[in-house]
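All remarks here apply to the structure that follows.
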Protein chains: 2
Amino acid sequence: MFSKACEYGIKAAIYIAANSNEGKRVSLKGIAKHIDSPEAFTAKILQILARENIVTSVRGINGGFEIESHKLETIFLSDIVKAIDGDNIYKGCGIGLKDCNELHPCPIHDDFKKVRNSLRKLLETTHLKQLALNVHSGTSFLRV
Amino acid sequence: MFSKACEYGIKAAIYIAANSNEGKRVSLKGIAKHIDSPEAFTAKILQILARENIVTSVRGINGGFEIESHKLETIFLSDIVKAIDGDNIYKGCGIGLKDCNELHPCPIHDDFKKVRNSLRKLLETTHLKQLALNVHSGTSFLRV
DNA sequence: TTTAAACAGGATAAATTTATCCGAAATAAA
DNA sequence: TTTATTTCGGATAAATTTATCCTGTTTAAA
Ligand code: FES
Ligand code: FES
């Protein structure tokens, strides 16, 4: 469904959000450990999220990553997915036609569009705060 | 969503089905042309589908690929996807936890599961005949 | 000012996916 | 039997994704 990079990106963002919600900044090392991802590769992904103004990075001692608390409810999963994988997954044709076109539909268009739209809705309406709270309370998990 | 190989596989199967439904056998060359896919790569994918008894291949002059007509309504998209991409897409965790587990859910589990199940239902209830008929009647398309 | 911690980013490597090439085997028709 | 057609399958190559390494820059604390 999502690329590995995107999976790591989503998990990292949720982990950072869960900590930022408590005023804690987290390091790359801590992130990689808690989401069980390769450190250097995760760094690349966090660079993307930083460039897209989804996370804020701070260099130097006591540096790390954080998300400004007022953003926690305005960053949606779709923002992260779009930054890393693009929006083809919830906008493109299921079997690879150049574009998904009502007037020139592929054979699975009608049914696929419904699924794709429900994915789109999920991504576009789920923000980081809800996910972070569940992780913090121990209701959901980021690894294993 | 699906791999390129899987997209080609789905399109090829639908094209073969549309022709088999009329008693016509089609060649690799014809398939690749009509679904707009690389010929040699498509051959590999058709070999997989042949090994999985989804399509029947016939070598030699006037050879090609066909699907036994009694199978047209019992081969589902899920069979094709499973043969090529495996079933992780409609069974696995959305952000890559080892397995999707109710008792140890990831943060997007509850919402994602719904989407994933609707994809699963789509794949498991859509058989080749319905798709083939729409292509044949010009209601849907396999290329461009 | 020095030092250590931490991210940035370029270069490179490994793994996987996508794609091509070619000789072998099968088959029907000439 | 010969020939032309067509799939099979192994080898290889190209492209993309995933992952690692290493040097540089920033920053706070000692
Ligand atoms: S045209 Fe294929 S999903 Fe819309
Ligand atoms: S645990 Fe992630 S989708 Fe179920």
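A, B, ... follow the sequence lines: proteins, then strands. Residue 1 opens every chain.
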(request) Determine, using the 4.5 Å side-chain heavy-atom cutoff (strictly less than), whether Leu97(B) and Ile80(A) are members of one ILVMFWY cluster. (result)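 Different clusters: Leu97(B) never reaches Ile80(A) through Ile, Leu, Val, Met, Phe, Trp or Tyr contacts under 4.5 Å.
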
(request) Would you mind telling me which residue lines up with the more 5' stretch of DNA chain D, Ile61(A) or Ser3(A), judged by nearest nucleotide? (result)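 Nearer the 5' end of the strand: Ser3(A).
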
(request) Tell me which of Ala5(A) and Val58(A) sits closer to the 5' end of DNA chain D, going by the nucleotide each one is nearest to. (result)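 Looking at the nearest nucleotide for each, Ala5(A) comes out on the 5' side.
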
Over how many whole Å does the gap from [X] atom [atom1] to [N] atom [atom2] extend?
{"X": "Arg51(A)", "N": "dG10(C)", "atom1": "CZ", "atom2": "C1'", "answer": "12 Å"}
{"X": "Glu66(A)", "N": "dC7(C)", "atom1": "CD", "atom2": "C1'", "answer": "13 Å"}
{"X": "Ile45(B)", "N": "dC8(D)", "atom1": "CD1", "atom2": "C1'", "answer": "15 Å"}
{"X": "Ile48(A)", "N": "dA19(D)", "atom1": "CD1", "atom2": "P", "answer": "13 Å"}

(message) Please confirm whether the shortest side-chain N or O distance from Tyr8(B) to OP1 or OP2 of dT18(C) is below 4.0 Å.
(response)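 For dT18(C), OP1/OP2 do not have a side-chain N/O of Tyr8(B) under 4.0 Å.
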
(message) Please tell me if Ser57(B) has a side-chain N or O lying less than 4.0 Å from either OP1 or OP2 of dT6(D).
(response)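 Answer is no, no contact under 4.0 Å.
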
Which pair of non-hydrogen atoms, one from [X] and one from [Y], has the smallest distance, and what is that distance?
{"X": "Ala17(B)", "Y": "Ile67(B)", "answer": "N-CD1, 4.1 Å"}
{"X": "Met1(A)", "Y": "Leu119(B)", "answer": "CE-CD2, 4.5 Å"}
{"X": "Thr125(A)", "Y": "Phe76(A)", "answer": "C-CD2, 3.6 Å"}

(request) With DNA chain C as reference, determine whether Phe2(B) or Leu46(A) sits nearer its 5' end, using the nearest nucleotide of each. (result)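 The 5'-side residue here is Leu46(A).
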
Among [options], which is the nearest nucleotide to the side chain of [X]?
{"X": "Gln47(A)", "options": "dA19(C), dA28(D), dA8(C)", "value": "dA8(C)"}
{"X": "Asn62(B)", "options": "dT20(C), dT7(D), dA28(C)", "value": "dA28(C)"}
{"X": "Lys4(B)", "options": "dT7(D), dA19(C), dC7(C)", "value": "dA19(C)"}
{"X": "Lys44(B)", "options": "dC7(C), dT7(D), dA11(D)", "value": "dA11(D)"}
{"X": "Arg59(B)", "options": "dT20(D), dA28(D), dC8(D)", "value": "dC8(D)"}

(request) Could you check whether Lys29(B) gets within reach of a base, just the sugar-phosphate, or nothing at all, counting any heavy atom under 4.0 Å? (result)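 Counting heavy atoms under 4.0 Å across all strands, no contact is made by Lys29(B).
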
(request) Decide, yes or no, whether a salt bridge links Glu102(A) with Lys113(A) under the criterion of side-chain N to carboxylate O below 4.0 Å. (result)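 Yes.
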
